[in-house]
Amino acid sequence: MMALCLKQVFNKDKTFRPRKKFEPGTQRFELYKKAQASLKSGLDLKAVVQLPPGESINDWIAVHVVDFFNRINLIYGTMSEYCTEKSCPIMSGGLKYEYRWQDDSKYKKPTKLSAPQYMCMLMDWIEMLINNEDIFPTRIGVPFPKQFQQVCTKILTRLFRVFVHVYIHHFDSIINMGAEAHVNTCYKHFYYFIREFSLVDHRELEPLVRMPQGWGG
């Protein structure tokens with residue numbers, strides 16, 4: 001139901017980056033379907049994120065990283081008209097938290113960017129990683145690299161910052177779009193997943209510890 005609602009609330013044409021799809025017939029596609037079926041069944045989200053018996057943890061994490069990328073991409077794509085160089089000259093989560101960008105190519109040192117610039121760099125960077133067969137292998141029998149979960153931790157940590165920015169700086173816009181319940185559900189799903197597998201350092205979660213819903217942190 002959440003996926004359906006998100007499509008109704010958010011404009012699919014505004015997806016920040018093209019959706020990454022799973023190839024039908026692959027193990028990853030079957031796992032994705034299983035995860036979606038659990039979500040639609042209305043099960044407790046804490047139960048939904050648990051690794052299904054007999055499944056590979058890396059496959060399970062890979063499926064969720066790609067799915068969260070798609071969902072957060074959709075949320076931010078719809079919000080992006082409210083997040084401009086003028087309104088958000090610094091990528092931040094309130095006055096206390098500022099996020100600087102660093103990568104292995106253009107920005108070798110942590111660099112202050114506007115929120116739209118940061119989001120652009122982030123989505124390009126994630127897209128490059130999830131399309132890299134050496135990191136996210138899709139062929140049967142090809143193993144995940146040793147640093148796979150480390151890479152996923154970095155991706156999920158940075159995606160969490162999108163939630164921080166959207167919640168703290170653009171929550172009024174979410175409410176005005178009637179999207180509050182759907183963004184909250186997406187965040188809750190993401191939050192329970194990263195906690196289940198200890199994928200994001202608890203210090204990164206601090207900006208949203210006192211979520212208004214009363215369940216976060």
Side-chain angles (χ1 to χ4, degrees), residues 1-21 32 35-46 48-49 63-94 97 99 114-124 126-127 130 155-195 200 204-217:
M1 177 149 183
M2 185 176 92
L4 182 67
C5 292
L6 278 170
K7 282 177 187 169
Q8 289 168 347
V9 172
F10 297 121
N11 181 347
K12 281 189 290 181
D13 297 334
K14 289 188 175 179
T15 299
F16 205 51
R17 291 289 182 279
R19 280 177 64 83
K20 168 79 175 168
K21 296 196 170 93
Y32 172 70
Q36 292 303 301
S38 295
L39 267 180
K40 289 171 189 169
S41 70
L43 283 172
D44 172 17
L45 285 168
K46 278 186 181 175
V48 163
V49 299
V63 161
H64 281 80
V65 166
V66 173
D67 192 35
F68 288 135
F69 168 69
N70 285 336
R71 290 177 187 281
I72 294 166
N73 193 9
L74 181 60
I75 290 169
Y76 184 72
T78 305
M79 300 296 314
S80 57
E81 64 185 281
Y82 307 105
C83 184
T84 64
E85 301 282 332
K86 191 174 178 183
S87 70
C88 306
I90 296 168
M91 175 58 182
S92 61
Y97 301 96
Y99 301 120
S114 68
Q117 283 177 303
Y118 186 100
M119 300 296 184
C120 238
M121 298 301 299
L122 175 60
M123 299 304 175
D124 282 349
I126 295 174
E127 201 171 26
I130 62 180
I155 292 173
L156 293 166
T157 298
R158 288 177 168 183
L159 280 175
F160 183 80
R161 294 170 182 177
V162 180
F163 279 120
V164 172
H165 183 76
V166 166
Y167 268 119
I168 292 174
H169 295 276
H170 302 293
F171 199 61
D172 288 349
S173 302
I174 293 172
I175 292 169
N176 291 339
M177 288 193 301
E180 183 182 355
H182 310 304
V183 174
N184 286 349
T185 304
C186 185
Y187 172 70
K188 199 182 282 194
H189 183 206
F190 182 93
Y191 175 84
Y192 286 141
F193 185 80
I194 60 176
R195 291 300 296 265
V200 174
E204 284 283 343
L205 308 179
E206 283 175 8
L208 297 183
V209 157
R210 292 177 184 84
M211 287 286 284
Q213 298 90 318
W215 54 262

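Numbers for residues simply follow the sequence, beginning at 1. From a predicted model like this one, the values you see are computed outputs, not experimental measurements.
Ring pair Phe68/Phe190 is perpendicular by interplanar angle, where above 60° counts as perpendicular and below 30° as parallel.
Using a 4.5 Å heavy-atom cutoff, the side chains of Asn70 and Val66 are in contact. Counting only heavy atoms from C-beta outward, the side chains of Met177 and Met79 approach each other to under 4.5 Å. You'll find the side chain of Asn73 stays beyond 4.5 Å of the side chain of Ile126, heavy atoms only. Proximity of Cys83 to His169: side-chain heavy atoms (C-beta onward) are nowhere separated by under 4.5 Å. Contact annotation: the side chain of Pro207 never approaches that of Tyr167 to less than 4.5 Å [non-hydrogen atoms, C-beta and beyond]. Side chains of Phe160 and Tyr187 form a contact here, defined as non-hydrogen atoms less than 4.5 Å apart. In this structure, Tyr191 and Leu205 have side chains that are in contact, with non-hydrogen atoms separated by less than 4.5 Å.
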side-chain contact (heavy atoms from CB on, under 4.5 Å) between Arg195 and Lys46, worked out: CA-CA 9 Å; Arg195 291 300 296 265; Lys46 278 186 181 175; over 6 Å; no

Trace of the ring-ring contact (aromatic ring centres under 6.0 Å, His included) decision for His170 with Tyr82: CA-CA 7 Å; His170 302 293; Tyr82 307 105; 7.3 Å; no

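A distance of 13.5 Å separates CZ in Arg158 from CZ in Phe69, rounded to the nearest 0.5 Å. Interatomic distance, CZ of Arg71 versus CG of Leu159, reported as 13.0 Å (0.5 Å rounding). Distance CD1/Ile168 to CZ/Phe163: 13.0 Å, rounded to 0.5 Å. Atom NE2 of His182 is separated from atom CD1 of Ile174 by 11.5 Å, given to the nearest 0.5 angstrom. For the atom pair CZ of Arg161 and CE of Met119, the computed distance is 11.0 Å after rounding to the nearest 0.5 Å. One finds the NE2 atom of His189 at 6.0 Å from the CG atom of Leu45 (value rounded to the nearest 0.5 Å).
Scored by the ring pair (Phe, Tyr, Trp, His ring centres under 6.0 Å) test, Tyr118 finds Trp101 as partners (sequence neighbours excluded). Residues that satisfy the ring pair (Phe, Tyr, Trp, His ring centres under 6.0 Å) test with Tyr99, not counting sequence neighbours, are absent from this structure.
Without hydrogens or angle criteria, His165 side chain to Ser92 main chain gives a donor-acceptor distance under 3.5 Å.
Minimum interatomic distance between Leu74 and Thr78 (heavy atoms only, all atoms of both residues): O-OG1, 3.0 Å.
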